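See below for the structure under consideration.
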Amino acid sequence: MTRPELAPQYSPADVETRRYEGWVDAGLFTPSAQDSGAPSYTIVIPPPNVTGSLHIGHALDHTIIDALIRRRRMQGYRTLWLPGMDHAGIATQNVVERELAREGLSRHDLGRERFVERVWQWKESSGGAILGQMRRLGDSVDWTRERFTMDAGLSRAVHTMFKRLYDDGLIYRAERIINWCPRCLTALSDIEVEHADEDGELVSIRYGDGENSIVVATTRAETMLGDTAVAVHPDDPRYAAMVGREVELPLTGRRIPVVADPHVDPKFGTGAVKVTPAHDPNDFEIGRRHNLPMLTIMDEHGLITAPGPFRGLDRFEARPAVVAALREDDRIVAEKRPYEHAVGHCSRCGTIVEPRLSLQWFVKVAPLAKAAGDAVRDGRVRLHPPEMAARYFDWVDDMHDWCISRQLWWGHRIPVWYGPDGAVVCPAPGEDPPSGDAWQQDADVLDTWFSSGLWPFSTLGWPDDTPDLRAFYPTSVLVTGYDILFFWVARMMMLGLYAMTDPDSASPDSAGTGPAQTVPFAAIALHGLVRDARGRKMSKSRGNTVDPLDWIDRFGADAVRFTLARGANPGGDVAVSEEWAAGSRNFCNKLWNAARFSLMNGACVPAAHPGQQALPDRASLSVADRWILSRLAGVTQQVDAWFEDYEFGKISETLYHFAWDEYCDWYLELAKVTLTGPAEGAAEHTKAVLGYVLDRLLRLLHPLVPFVTEELWTALTGEDTIVMADWPGVAAGQSVAAAGGPMDAAAEAEIGSLIRLVTQVRRFRSDQGLRPGQRVPAALTGIGQTRLAGHEASIRSLLRLEVPADEFKPTGSVQAEGVTVELDTASVIDVAAERRRMQKDLVTATEEAERTRRKLANTGFTSKAPADIIEKTKQRLAAAEADIELLESSLAALPG
RNA sequence: GCGCGAUUAGCUCAGCGGCAGAGCGGCCCGUCCACACCGGGCAGGCCGGCGGUUCGAGUCCGUCAUCGCGUACCA
């Protein structure tokens, strides 16, 4: 085999696309559903919205998922990462409507059918961009299993789920107060409303006259036009006499009753509340309890419909107009401005949401949410990081019924037909709907999160019992940002537990009523948001967003991935900047050059499979060889363990430092001595170790930086691809103890000592003002009596120390690790600087000695601290005292 | 209002009972034999405030302050 010459610099653009297409063409990402005996590992992609393009947050999500997937693939699992996209009902419809608006059209000009066609066209072009971005990132997804929430198969799953819930009485239609967006003209679920504190005006209004009057407060004065009662607390003595009486509602001439309701907080305001059942969720409940009329005074656009002078006004024009009219009538008792209160906004367009009485479809969530909570509570689904559990339970344990109908055109049409005399039919999928002019299908579509809630199993063929479903369900872990824990994750839990049972399990579920419910995923791994270099949220308006493609072009996909992985602490936000990306690019280049050096020096990999590699016998290896092998073993074990905990920050940092600080800075430098040295056998051994460690390092890094590792590993080994190479840690079915290989404490201690000695002498040289490359005559006295006895050649090489000539007159010395290094620095030494340095060191050493002495004198410490801690402390004191002695004598010996 | 989290080097963050760490940035010095996308060295921290537990506290407990996030039916 001839090895390709490597350029002195890594060029991602020359590698990435070629490698990616090669992987896909070879079918490496496409697992077979046939049972091969290997365990399966499945992750479904959090489906991005078809309309959008991937932002840096997706890149973070994909980096994590791809790393998990690639490791499992290397471990021999039957690994599936299923890709796809979400139709994103309201978001997509808004985008296409905006596009139409630029042509001066509205969706009504096109009509429903043509509008939906238009959205499909948009989906084809926009969706393609996202798929291209995923390829650039290196996502090892199975493109043969790509899905879309509006696919025929997934639409059938949606219909099936609706029908089941409907038949079970868990879906119902009712007139309720829902969140209404007057701009999008659709209902929204609670979670699609974003609350923000805003300044408003709290006005107190007198209803009725004289004795027979009561004062209420409101921030939404215009709603008084729809008031049908005033409510007070039943035990409030101030209003006991008023309850049951009627008061005159100003501006309207209507008389409304005063009712007693425990919902009212007597301590707030005047203790009396105006009740507008058709325009406030709480008032709606009060209205139901007291059989109050539900008076609608606003239309779907937020325009006032109540008869009178305000008719036709927008709700925000009506508010000051009503207040002005009340003031005119001397009805305003007090005003408080500004008054800060929470206002709900449409999460899609930002319009202030209007609570509105409306006929909608709902999911009865209580039983579903209970199961979703229990699955996490009893550990069937592990939530990472665990702190998120509190938030999850808060939500799941106290969830209102879920409004699932949307007054949109883009989405899954509600599979219900209405016929004569109020007949309602929900046909099963495949069943013919009732026909005839008298029958009409519901015009609404389903909340987009209804179909995403089925994603983990609808994508695998549910409701059919498919080979894929059997092979890959339940999925292994769900990786996503904590921001959609409720939107999406909780819904998948609810619907997944409801739909899926384990066919092979005879054990009853927690309620003891049927086959065991199957969780949709064994674990949930939540990551944070990507923020800018200063930790600020990225936003288009702030102009601090990052386009992943731009960074990939400039730094390479591996660098982008590594940057994100470095910051990916579980649940934590990730701050990224160009500096970080550049640092990651530098790391890839460092790897490249380390490999280049190793290859140029004949690094060899005798066999590509672990356990069979003919590493030279341990006893014949140099200490440096044993050291790097031991460190590799330690790092392998740590990295392997951290993968189980989604600790990508730690994985990245550990591999970064191992590769750069240990492998490159020390091992390669030490290897240079051996490789150019006289001992023939030693050089051959070092070549083997050089290759072995590089091989393992590249494999450990491959899940994070797939491209550069592929390029280097194939060059090193002559194999086709690293994608299917065995993982150096624990393989499927192997025990943890087998990972990494044996540690070598003796070698680690020895090289540790060497590193400390070299570092101290380097510091000395630098303090003396010696150039790093300047060769200096030096004697290493006492080294024969230390464990560094065999390392003199290495130490001299690393420190540029020459063997002294006959008339050697040392002018300075460093004592460390039991070795005294005397250097002849006469020609360059600056005595004054030298004295200052020594005096400073003396102060430090004296303080250290004093501190340690005090600690040892502390009787509590000596009687209670563990023996090894005490021993270490004693050693520290001894070292400090030795330093003091040496420094004092050196100072005395200085000329002048 | 309630809940959760944060507060450590100039910046972004690790560390979570036993000598304060990383990356980037800053300063000094440079190698021509893997890499200037490099190498060697240095500086810079009362680990938010106060109290407690402990022989010993960034690390555990309490409290306050500031910030962030989530959530909420206070009109």
Side-chain angles (χ1 to χ4, degrees), chain A residues 6 8-10 190 195 202 204 216-220 223 231 263-265 267-276 280-286 341-342 385 387-391 394-395 398 482-483 485-486 528-529 531-535 537 555 559 563 566-567 569 571-580 582-601 649-650 653 656-657 664-665 668-669 672 676 758-759 762-767 769-774 799-800 848 851-852 855 858-866 868-870 872-873 876:
Chain A
L6 297 181
Q9 210 167 69
Y10 173 52
D190 288 349
H195 294 272
L202 185 71
S204 299
V216 298
T218 183
T219 53
R220 301 176 60 212
T223 62
H263 165 76
V264 179
D265 177 2
K267 291 192 288 296
F268 184 87
T270 61
V273 185
K274 62 190 275 303
V275 181
T276 322
D280 182 279
N282 305 306
D283 294 4
F284 176 78
E285 293 303 323
I286 295 176
H341 62 135
E387 301 90 82
M388 282 291 172
R391 217 179 255 200
D394 274 356
W395 172 258
D398 190 27
Y482 59 71
D483 52 327
L485 178 62
F486 305 143
L529 272 32
R531 295 171 175 277
D532 75 4
R534 303 235 295 272
K537 212 170 192 166
F555 303 110
T563 300
R566 272 207 280 187
N569 300 117
D573 288 347
V574 185
V576 298
S577 64
E578 294 198 12
E579 286 73 23
W580 277 85
S584 300
R585 176 205 53 197
N586 296 355
F587 175 62
C588 293
N589 191 239
K590 188 73 179 176
L591 272 183
W592 180 269
N593 275 289
R596 197 160 76 103
F597 171 83
S598 302
L599 287 168
M600 288 191 315
N601 282 284
K650 288 179 180 156
E653 286 302 314
Y656 179 95
H657 288 295
C664 291
D665 285 354
L668 294 188
E669 294 307 317
K672 284 176 185 174
T676 57
V758 169
T759 304
R762 277 178 179 163
R763 183 177 307 137
F764 176 83
R765 287 184 51 127
S766 179
D767 289 348
L770 291 176
R771 282 178 292 106
Q774 178 159 357
L799 285 166
R800 307 284 135 92
E848 164 76 0
R851 225 181 4 251
T852 318
K855 193 166 189 174
N858 181 335
T859 50
F861 178 75
T862 48
S863 63
K864 297 197 183 173
D868 58 319
I869 299 288
I870 294 175
K872 259 165 73 180
T873 310
R876 224 158 62 218

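Quick caveat, the model's predicted, so the values are computed rather than measured. Every chain is numbered from 1 and lettered A, B, ... according to where its sequence line falls, protein lines coming before strand lines. We use all heavy atoms of the structure for the numbers below, so side chains are in, but hydrogens, waters and symmetry mates are not.
Here A:Cys664 lies in heavy-atom contact (under 4.0 Å) with a base. Counting non-hydrogen atoms under 4.0 angstrom, A:Arg534 reaches the backbone sugars and phosphates but no base. At a threshold of 4.0 angstrom between heavy atoms, the contacts of A:Asp665 are confined to the sugar-phosphate backbone, with no base atom among them. Nucleic acid contact for A:Glu579: sugar-phosphate only, since backbone atoms but no base atoms lie under 4.0 Å from a heavy atom of the residue. Nucleic acid contact for A:Ala594: base, since at least one base atom lies under 4.0 Å from a heavy atom of the residue. A:Leu668 comes within 4.0 angstrom of a nucleotide base, judged by non-hydrogen atoms across all strands.
Straight-line distance between the P atoms of B:G10 and B:A43: roughly 15 Å, to the nearest whole Å. Nucleotides B:A36 and B:G21 place their P atoms 31 Å apart, quoted to the nearest Å. On the C1' atoms, B:C73 is 26 Å away from B:G5, given to the nearest whole Å. Nucleotides B:A14 and B:G3 place their P atoms 25 Å apart, quoted to the nearest Å. Using P as the reference atom, B:A57 and B:G17 are 14 Å apart when rounded to the nearest Å.
One interatomic measurement links the two molecules: CG of A:Asp767 to P of B:G30, which rounds to 15 Å at whole-angstrom precision. Atoms NE2 (A:His657) and P (B:A14) sit 14 Å apart, rounded to a whole Å.
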Checklist outcome for this item: Going 5' to 3' through nucleotides 67-75 of chain B and flagging B where a protein heavy-atom sits under 4.0 Å of the base, S where only the sugar-phosphate is that close, and - otherwise, we get --BSSBBBB

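Side-chain N/O atoms of A:Lys650 include none lying less than 4.0 angstrom from OP1 or OP2 on B:A22. The side chain of A:Asn586 contributes an N or O atom lying less than 4.0 Å from OP1 or OP2 of B:C38.
At a cut-off of 3.5 angstrom, the base of B:C4 holds no donor-acceptor pair with the side chain of A:Glu387. With hydrogens and angles ignored, a donor-acceptor pair closer than 3.5 Å exists between the side chain of A:Glu669 and the base of B:A34.
A:Tyr482 and A:Asp573 form a side-chain donor-acceptor contact under 3.5 Å, judged by distance and modelled atom types alone.
Under the 3.5 Å distance criterion, the side-chain polar atoms of A:Asn593 are left unmatched by any main-chain donor or acceptor of A:Arg596. The main-chain N or O of A:Gly572 is never found under 3.5 Å from a side-chain atom of A:Asn569 such that the two would form a donor-acceptor pair. Formation of a donor-acceptor pair under 3.5 Å by the A:Asn601 side chain with backbone atoms of A:Phe597 is found in this model. When atom types are taken as modelled, the side chain of A:Thr563 and the backbone of A:Ala559 share a donor-acceptor pair closer than 3.5 angstrom.
Ranking B:G39, B:U12, B:C37 by closeness to the A:Lys590 side chain, first place goes to B:G39. Closest to the side chain of A:Arg596, out of B:A34, B:C55, B:G23, is B:A34.
Salt bridge status for A:Lys672 with A:Glu669: present, with a side-chain N to carboxylate O gap under 4.0 Å.
Map A:Asn569 and A:Met600 each onto its nearest nucleotide of RNA chain B; the residue landing nearer the 5' end is A:Asn569. Judged by closest nucleotide on RNA chain B, A:Ala533 is the one of A:Arg800 and A:Ala533 placed further toward the 5' end.
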Checklist entry - In dot-bracket form, how is RNA chain B paired, counting a Watson-Crick or G-U wobble pair only if both its distances are under 3.5 Å and using | for bases paired to another strand? => result ((((((((.[[[[.)..(..]]]].(((((.......))))).....[[[[[..)....]]]]])))))))....

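Against the 90° criterion about 0, the sugar-base torsion of B:G58 places it in the syn range.
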